[in-house]
Amino acid sequence: MPKLERGKASLPSSSFSPVVVQMETDSEESPFSSSSSSEGEEEEVGRVSDDEDERNDEEAVEGEEEDRAKKRRKAPITISLKKVCKVCKGTGHEAGFRGATYIDCPRKPCFLCKRPGHTTMSCPHRVAMEHGVIPAPRRNADTSLDYIFKRQLKAKIPMIKPTFVIPDHLDCGIIRFHSRRVTCLEFHPTRTHVLLSGDKKGQLGIWDYGKLHEKTVYGSIHSCIVNNMKFNLENDGVLYTSSSDGTVRCTDLETGTSFFLLDLNPEGWNGPATWRMLYGMDINVEKGLLLVADNFGYLYLVDGRLKTRIAGPILIHKKGSKVVGLHCNPVQPDLFLSCGNDHFARIWDARRLEAESSLASLAHGRVVNSAYFSPLTGNKILTTSQDNRIRVWDSIFGNLESPSREIVHSHDFNRHLTPFRAEWDPKDPSESLAVIGRYISENYEGVALHPIDFIDMSTGKLVAEVMNTDITTISPVTKLHPRDDVLASGSSRSLFIWKPKGGKSPEQQLLEGKSKKIFGRVEKKSSGKLDGESDDDFDFSSKEKKLRAKNLEGKYLSGQKKG
DNA sequence: AAGTGATGTAACC
DNA sequence: TGGTTACCCTCACT
């Protein structure tokens, strides 16, 4: 991808005085500074040390925060030796990890539910085995259309909800398979053990996890982020991919050769104002039509057989805003969902497409990462938004003004991670189970882990949190197998396959993708003495090393018998 | 083993 | 309105 032009960071020269280093003597120490700390003094650069300021800190309310921020900009820069909260710059507390537990800044709204007055630790929506659910203010009023729809489908929907089978056991994986972070995953529609993966660099991975060692990376499919993958319906040896390089490519999986179906940047790089990126993509099954949408709010239709663009650009979201997702209804493919950075998800009819012609607009608190129709009936909608809420609309024929349920769930980090997307379990006949990775970590026996959550969207309950002490990174990309009880997850540059406990897989094996290192840091053996062993929460590194050493024993060479 | 940088969005002015 | 800047749990590199 061409490098984005970045303005040089220029300091307003007149408003900054020379740096002053101010040492603080013991006698001058503020009574509000952290006195409980057993560790020595730490330096903090850039903090204005001003006695008046310090004293106010303890009672500071959020309004004053802004004033102080303004003051700070104009006041001389000094270096203070006091401990300072990295979030609010106040003293008397510190946000950050204490061992494997993250302590929030108490002056900021809750990091999970975004409401003020408490922190993540005491949030009523804190992820436990039961999720917080915000009920809809009113039930969806049934329309007559809804009634008919329900009657037609009711016979197909089992009355008794099945017990969910959760693939919660790490089966195998490839460490550092990709050279950049994984951005999307897709199971091959007919070759059961084949997993396709796209990455930030534009590469395409193919892995047969049944044969474990059979894996390929095609390096030159796209020039940057692969955002979406879809199989050609007539020939599943062919894959369509959409990318931030502004192209849709059609790739032969056997040979790795590919060609453009659509190129929105034929002129090349002329700056970010004109460079088009393709995020959302789906296929209209009935018509063999490819739907893609760009970062300026426009939709394009491409005929997969004729290999030509047949429509677009059509403005479907706020002009200039990114469309991040598209999904065709599984029952009525002419209906499709779009979602984007303008905080909306929209329902459209492909037969009557023009700007402003959406059938419904679903409002969200922030950017909508994804919007999906339910996999069997296509009657429900599941969305993931950056406001840390997963929403469900129980019927597209009902009242769409507000969701049927909102579930508070931590997934709002987006600067350096692939956006999280809650996805339906395609095998769940009751259309209620969904998977999504979790951003916020949980202290799991002294190690900070980021589980993959299975949520029953009909009740809002957390059905399972899937994790493994070998995987300490976040798993923003998850995919459930269309037929098997298998979960694939993409975490950083690695891929993992999960199966239910007691599944057929005899061993857990983690292959190396490229580097000879396996979990790099683990190679460094914890050297001898572990100090502070009894101090559970405060000795992250040694505890982690111990755990990992235990976990890694013999695993990579010989495989590990499952317990 | 602290520092660094690649990055997207929203809140500023 | 556009351009600049701040940003809370990253991750993998030095």
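For the numbers below, each heavy atom of this structure counts, side chains included, while hydrogens, waters and symmetry mates do not. In what follows, every chain begins at residue 1, and chains take the letters A, B, ... in the order their sequences are listed.
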Taking only the side-chain heavy atoms of [X] (C-beta and beyond), determine which of [options] contains the nearest atom.
X        : options              : answer
A/Phe97  : B/dA10, C/dC9, B/dG8 : C/dC9
A/Lys108 : C/dC8, C/dC11, B/dG8 : C/dC8
A/His416 : C/dC8, C/dC9, C/dT10 : C/dT10

[X] [atom1] to [N] [atom2]: how many Å, rounded?
X        : N     : atom1 : atom2 : result
A/Asn341 : B/dG8 : CG    : P     : 11 Å
A/Tyr439 : C/dC8 : OH    : C1'   : 6 Å
A/Arg415 : B/dG5 : CZ    : C1'   : 10 Å

C/dC8 to B/dC12 separation - P atoms, rounded to the nearest Å:
13 Å
Between A/Arg438 and A/Glu465, does at least one N-O distance fall below 4.0 Å, as a salt bridge requires?
yes
Between A/His343 and A/Lys200, which residue's closest nucleotide on DNA chain B lies nearer the 5′ terminus?
A/Lys200
Classify the side chain of A/Ser441 and the base of C/dC9 as holding, or not holding, a donor-acceptor pair under 3.5 Å.
yes
Considering residues at least two apart in sequence or located in another chain, which fulfil the salt bridge (charged side-chain N to carboxylate O under 4.0 Å, His left out) criterion with A/Lys200?
none
Apply salt bridge (charged side-chain N to carboxylate O under 4.0 Å, His left out) to A/Arg366 and list each qualifying residue two or more places apart in sequence or on a separate chain.
none
Short side-chain N/O contact from A/Arg180 to OP1 or OP2 of B/dG5, under 4.0 Å
no
For the residue pair A/Tyr102 and A/Phe97, categorise the inter-ring angle as parallel (less than 30°), tilted (30 to 60°) or perpendicular (more than 60°).
perpendicular
